[in-house]
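The block underneath contains the structure these notes are about, expressed in C-alpha cells.
In what follows, residues are counted from 1 in the order of the sequence shown.
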Amino acid sequence: MNRRIILDCDPGHDDAMAMMLAASKLSNLKLEAITTVAGNVDVEKNTNNALRLCDLLGLNAVPVAKGVAQPLVRKMKAAAHVHGKSGLDGTTLPDKPIKQIINQHAVDLIIEKIIDSDGDITIVPTGPLTNIALAIRKEPKIIPKIKEIVLMGGGTYGNRTPAAEFNIYVDAEAAKIVFESGVQIEMFGLDVTHQALATSDRMKEMSDINNPVAAAVMQMMNFYSRIYQGKLGFTGAAVHDPCPVAYLIDPTMFEMERVRVDIETKGEFTYGMTCVYTNGMTDRVPNANFARTLNQDKFWDLFIRSLKSYS
C-alpha cells in the first residue's frame, strides 16, 4: 500500500531531489500535497521552484500550497549562498511554471488533510518547521491524527552556526513546538545526512542516465557540490533532504536511536541547537527517533534507480 505523505519544503536543490525520490516509480509514497515555507530562499521563490519541479516530475494532480513567509519570532535568514538567488541556480528549468498553486494557505491545507484522514498521513518537512508549528497551534486536534513527522533538521553539531543546523536555526521556536507536540518524530540531522555524499563516482553514475529528470538533477548536483567541495572541503555534496524520503521507502538503510531532543531558543551563541540526549544521558522522556548511520550503498542504489525510473 502506498504511504500517504505531505511534503513540506523550501526548494532548494536537495528538496528537489527529495521530491524526485518521492515521485519516482520505485516509491511506495503517495504525495497528498506539497506545501512550501520560507527557508533556502523566500517563500515566493520556493513556491515557484516547487511548481517548476512538479512540471518536471509530472506531478500534475498534487496540490501545491504556499505557506508562511517569516519565522514565528525572528527575522528570516535564507541560504542563497548555498542554493543561489533563485533557490535552484544552475538548472535550465523554465523560470515560469505551468502548474499553479491552489487557493488555500499551506497551514490550512495541512490541517484539512490531517483532519479528513484516518490518521495515516505522515508529514515530511525538509525545511524550517514554521508551517507545521502553526498548524499544530491553530488546530491541536490534528496532533493525535498525524501518523508521524519524518524531518530533516538538527544534529549534534551545526552548519549555520557551530551549534545549529539551518532548518532549525531559521525558526527554533517553531521547532520547539513540533518537538514538544507529542507527535512521533523521526529526525534526520547532519550526523546522518553528511553520510549521504554525492562523490565523483556517484555523479558519474548519474551522468550516464539519459532522461530529463536525471539531466536536471545533474545540473543541481554540479552547482550544489561546488559549495561542499570548495568552501566546506567535503568529498562530495551532502544531499540532506532525500534522507527522510529514502527512510520512508526503505527504513532498513538507517540505524535509528530513541533519544530526547530539546530545542535551544534563548542562547546567544547556541540559538537553534538541537540538544540530543543519547545513551540514557537524561531521565527526560524520549521524544524522537534519531538517525545515526546510513547504508550508503543502499541509499545510492535507490537514488540511481529512482532517476532511471523516469526514462
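- A 4.5 Å side-chain heavy-atom check between L109 and T35 finds at least one atom pair inside the cut-off.
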- Query: Can you check side-chain contact (heavy atoms from CB on, under 4.5 Å) on N167 and H240, steps first, answer last?
  - Reply: CA-CA 11 Å; N167 285 345; H240 307 281; over 6 Å; no
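- Using a 4.5 Å cut-off on side-chain heavy atoms (C-beta onward), T122 and R4 make no contact.
- Atoms CG and OH, on L294 and Y247 in that order, are 13.0 Å from each other to the nearest 0.5 Å.
- Using a 4.0 Å cut-off between charged nitrogen and carboxylate oxygen, K138 and D108 count as a salt-bridge pair.
- Using a 4.5 Å heavy-atom cutoff, the side chains of P242 and D14 are in contact.
- If you look at H194 and F234, their ring centroids are closer than 6.0 Å.
- Annotation: side chain of N222 is in contact with side chain of M203 (closest heavy-atom distance under 4.5 Å).
- To the nearest 0.5 angstrom, N211 atom CG is 8.0 Å from S309 atom OG.
- The shortest non-hydrogen separation linking M218 to S207 is SD-N, 3.8 Å.
- Among all heavy-atom pairs drawn from P11 and N49, the shortest one is O-ND2, 2.8 Å.
- Closest non-hydrogen pair, G84 versus V41, comes out as O-CG1, 3.6 Å.
- Between F188 and F290, the ring center distance fails the sub-6.0 Å criterion.
- Considering all non-hydrogen atoms of both residues, I185 and N287 come closest at CB-O, 3.8 Å.
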- Could you walk me through whether M206 and L307 pass side-chain contact (heavy atoms from CB on, under 4.5 Å), step by step? CA-CA 8 Å; M206 284 181 258; L307 281 178; 3.7 Å; yes
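- L129 and M152 fall into different hydrophobic clusters, where Ile, Leu, Val, Met, Phe, Trp and Tyr are joined by side-chain heavy atoms under 4.5 Å apart, directly or via other members.
- The line from CZ of R284 to CG of D262 is 4.0 Å long, rounded to the nearest 0.5 Å.
- In this structure a side-chain-to-backbone donor-acceptor pair under 3.5 Å is present from D89 to K85.
- Around the CZ atom of R305, the shell of radius 6.0 Å holds more than 12 heavy atoms that belong to other residues, nucleotides or ligands.
- More than 12 heavy atoms of other residues, nucleotides or ligands sit less than 6.0 Å from atom NZ of K113.
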- Message: Show, in sequence, the C-alpha distance, side-chain angles and deciding distance for K66 and E44, and conclude whether the salt bridge (charged side-chain N to carboxylate O under 4.0 Å, His left out) test is met.
- Response: CA-CA 8 Å; K66 182 173 68 174; E44 298 290 343; 2.7 Å; yes
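- Panel note: side chain E165, backbone G154; a donor-acceptor pair is recorded below 3.5 Å.
- At least one side-chain heavy atom of L7 sits under 4.5 Å from a side-chain heavy atom of M19.
- Under a 3.5 Å cut-off, the side chain of D15 and the backbone N or O of D10 do form a donor-acceptor pair.
- Contact of the Q184 side chain with the K147 side chain is not registered, since no non-hydrogen atoms from C-beta on lie closer than 4.5 Å.
- Annotation: K75, atom NZ; neighbour count of heavy atoms from other residues, nucleotides and ligands within 6.0 Å does not exceed 12.
- For the side chain to side chain contact (heavy atoms under 4.5 Å, CB included) criterion with I110, the lone passing option out of L134, N131, I136 is N131.
- One hydrophobic cluster, built from ILVMFWY side chains closer than 4.5 Å, holds both V178 and V73.
- Looking only at distances, no side-chain donor or acceptor of Y224 sits under 3.5 Å from a matching main-chain atom of G12.
- Transitive grouping of hydrophobic side chains (ILVMFWY, heavy atoms separated by less than 4.5 Å) brings I209 and L56 into a common cluster.
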- Task: Could you please spell out the steps behind the side-chain contact (heavy atoms from CB on, under 4.5 Å) verdict for V64 and C54?
- Result: CA-CA 9 Å; V64 175; C54 284; 3.8 Å; yes
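- Of the possible polar contacts, none joining the Q195 side chain to the L197 backbone as a donor-acceptor pair under 3.5 Å is found.
- Distance alone, capped at 3.5 Å, places no donor-acceptor pair between the Y157 side chain and the A163 backbone.
- For N46 and T36, the side-chain atoms include no donor-acceptor pair closer than 3.5 Å.
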- Query: How far apart are the C-alpha atoms of E264 and K266, what are their side-chain angles, what is the distance that settles it, and do they pass the salt bridge (charged side-chain N to carboxylate O under 4.0 Å, His left out) test?
  - Reply: CA-CA 6 Å; E264 175 57 65; K266 297 178 181 178; over 6 Å; no
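- Criterion: ILVMFWY side-chain heavy atoms under 4.5 Å apart, direct or through other members. Under it, V124 and M17 are part of a common hydrophobic cluster.
- D8 places no side-chain N or O within donor-acceptor distance of the main-chain N or O of I132, the cut-off being under 3.5 Å.
- Nearest heavy atoms, R52 versus P97: N-CB, 3.8 Å.
- Residues in residues 91-103 take part in these side-chain hydrogen bond (donor to acceptor under 3.5 Å, both in side chains) pairs, two or more places apart or across chains: T92-Q219.
- Remark: F179 CZ to T274 OG1 distance equals 7.0 Å, nearest 0.5 Å.
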- Give the intermediate values and the outcome of side-chain contact (heavy atoms from CB on, under 4.5 Å) for residues E186 and M256. CA-CA 9 Å; E186 316 288 330; M256 310 294 288; 3.6 Å; yes
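- Atom CG of N210 has 12 or fewer heavy atoms from other residues, nucleotides or ligands within 6.0 Å.
- Taking the side chain as every heavy atom from C-beta outward, I34 and C9 approach each other to under 4.5 Å.
- Note that CG of L72 and CD1 of I177 are 5.5 Å apart. Values are rounded to the nearest 0.5 Å.
- Side chain of N40 to main chain of H83: no donor-acceptor pair is present (N/O by atom type, distance under 3.5 Å, no hydrogens or angles).
- Within the 3.5 Å criterion, the main-chain N or O of A23 finds no donor-acceptor partner in the side chain of S27.
- Cluster membership check: F303 shares its hydrophobic cluster with L53, using side-chain heavy-atom separations under 4.5 Å among Ile, Leu, Val, Met, Phe, Trp and Tyr.
- Residue Y169 is tested with R74, R160, K77 for a side chain to side chain donor-acceptor pair (under 3.5 Å); the sole match is K77.
- A distance of 4.0 Å separates OG1 in T126 from CG in D241, rounded to the nearest 0.5 Å.
- Of the possible donor and acceptor atoms, one in the side chain of Y310 sits under 3.5 Å from a partner among the backbone N and O of M20.
- Across all their heavy atoms, S306 and L21 have their closest contact at OG-CD2, 3.3 Å.
- The shortest distance between side-chain heavy atoms of T252 and K298 falls below 4.5 Å.
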